[in-house]
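These notes concern the structure reproduced below.
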Number of protein chains: 2
Amino acid sequence: MGVFIRPGNVFLADCPARLAIELLADKWSVVVIYGLSQGPRRHNELKALIGGVSSKVLAQTMRRLQRHGLVGRSALPEQPSITQYELTPLGQTLVEPVEMLSRWAERHGSDVLEAHGEQTDAVAVTSG
Amino acid sequence: MGVFIRPGNVFLADCPARLAIELLADKWSVVVIYGLSQGPRRHNELKALIGGVSSKVLAQTMRRLQRHGLVGRSALPEQPSITQYELTPLGQTLVEPVEMLSRWAERHGSDVLEAHGEQTDAVAVTSG
DNA sequence: CAGTATCCTCCTGGATACTG
DNA sequence: CAGTATCCAGGAGGATACTG
């Protein structure tokens, strides 16, 4: 039996679906979720895995994802401290879409780069 | 036979795959591509379809996607003018990932909203 | 190790008005 | 119809230094 509940769609402003898309529309969220798809990771593991991200921005990103229920965070009150991030069940539902996106990027990234600046309009000429 | 060419991966800074992800990391790109997945659309058709987008920002988004080879643009020199946008073959390769993301958002968007602000760390207590 | 604090810059994106 | 011009605010995100 298929589920046909549609709590809005991405074309409607301010509906949950649209807000969910906007949650992922930043530089790091997709990559972070992809990085967590294999299992829990610590802060510095993620930082080492994800090239170019700073400690500050990574922590920011993690907190946003945590606030929206995609990522869980557990901290051991050790010294030095140990933190673990992992996908929540809700976050797990994103693994498949995010993996598809990432695989697309790895296959077609170079095409996108090469296309840069080469585009021209197809101007149709009026006949007669 | 599978293709195993990997022009970088999304974890590497400044590699094409990462840049491709960043190309989509804005408020409108995913929704626009989803909106074009059924076929060509005119400027005002897209504007009507996509709630909340302004003419300016839509045009901006279309130009960026065009520059990177995901969207083609054809203009008839009519008065009033007629413009058509459609996915390029490269853009078509994004339809499946983008549809997955959108369907995820429509299914789980409300969960993401409800989760907002309810998150707490799972603080493990040291035993002994 | 896992962050914060601070500062700063760029860019996205919204509002409004105008054009061929 | 399909934009552009202009102005503007906010926030993402980078650099650096510091902390428990």
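Only a predicted model underlies this, so the values are computations on that prediction, with no experimental measurement involved. Below, chain A is the first sequence line, B the second, and so on; all start at residue 1. What's counted below: heavy atoms across the whole structure, side chains too, no hydrogens, waters or symmetry copies.
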If you check every side-chain atom of [X], which of [options] has the closest atom?
X     : options               : result
A:R73 : C:dG3, C:dG13, D:dC1  : C:dG3
B:R64 : D:dC1, D:dG20, C:dT12 : C:dT12
B:H43 : C:dG3, C:dC1, D:dG3   : D:dG3
A:A59 : D:dG13, C:dG20, C:dT4 : C:dT4
B:D26 : C:dG13, D:dG13, C:dA2 : C:dG13
A:K56 : C:dT4, C:dG3, D:dC1   : C:dT4
A:R42 : C:dT4, C:dA2, C:dG13  : C:dA2

- How close do B:V30 and B:S102 get, heavy atom to heavy atom, and via which atoms?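 Between these two residues, the closest heavy atoms are CG1-OG, 4.4 Å.
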- Query: Would you say D:dG3 has OP1 or OP2 under 4.0 Å from some side-chain N or O of B:T83?
  - Reply: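 So the side chain of B:T83 is within the cut-off, an N or O lying under 4.0 Å from OP1 or OP2 of D:dG3.
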- Message: In this structure, would B:L24 and B:L19 fall into the same cluster of hydrophobic residues linked by side-chain contacts under 4.5 Å?
- Response: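 Shared cluster, no.
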Starting at atom [atom1] of [X], determine the distance to atom [atom2] of [N], rounded to an integer number of angstrom.
X     : N      : atom1 : atom2 : answer
A:Y85 : C:dA2  : OH    : P     : 8 Å
A:Q66 : C:dA2  : CD    : P     : 15 Å
B:R63 : C:dC11 : CZ    : P     : 19 Å
A:K47 : D:dG13 : NZ    : C1'   : 14 Å
B:L49 : D:dC1  : CG    : C1'   : 17 Å
A:L58 : D:dG13 : CG    : C1'   : 13 Å
B:Q60 : C:dC11 : CD    : C1'   : 10 Å
A:R18 : C:dG13 : CZ    : P     : 11 Å

- Query: Whom does C:dT19 pair with, Watson-Crick or G-U wobble, provided both distances fall under 3.5 Å?
  - Reply: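 Partner of C:dT19: D:dA2.
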- Query: Of B:E45 and A:W28, whose nearest nucleotide on DNA chain D comes first from the 5' end?
  - Reply: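 Looking at the nearest nucleotide for each, B:E45 comes out on the 5' side.
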- Item | Comparing B:N44 and A:K27 on DNA chain D - which has the more 5′ nearest nucleotide |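 Final value for this comparison: B:N44.
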- Which value, rounded to the nearest 0.5 Å, describes the distance between A:R18 atom CZ and A:F11 atom CZ?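 That separation rounds to 9.0 Å.
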- Item | From B:H68 atom NE2 to A:D111 atom CG, the distance as rounded to the nearest 0.5 Å |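 These two atoms lie 12.5 Å from each other.
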- Given B:V53 and B:I50, is the side chain to side chain contact (heavy atoms under 4.5 Å, CB included) satisfied, shown in steps? CA-CA 6 Å; B:V53 73; B:I50 301 174; 4.0 Å; yes
- Report yes or no: is there a donor-acceptor pair, N or O only, under 3.5 Å between the side chain of B:S55 and the base of D:dG3?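 Flag set: donor-acceptor pair detected.
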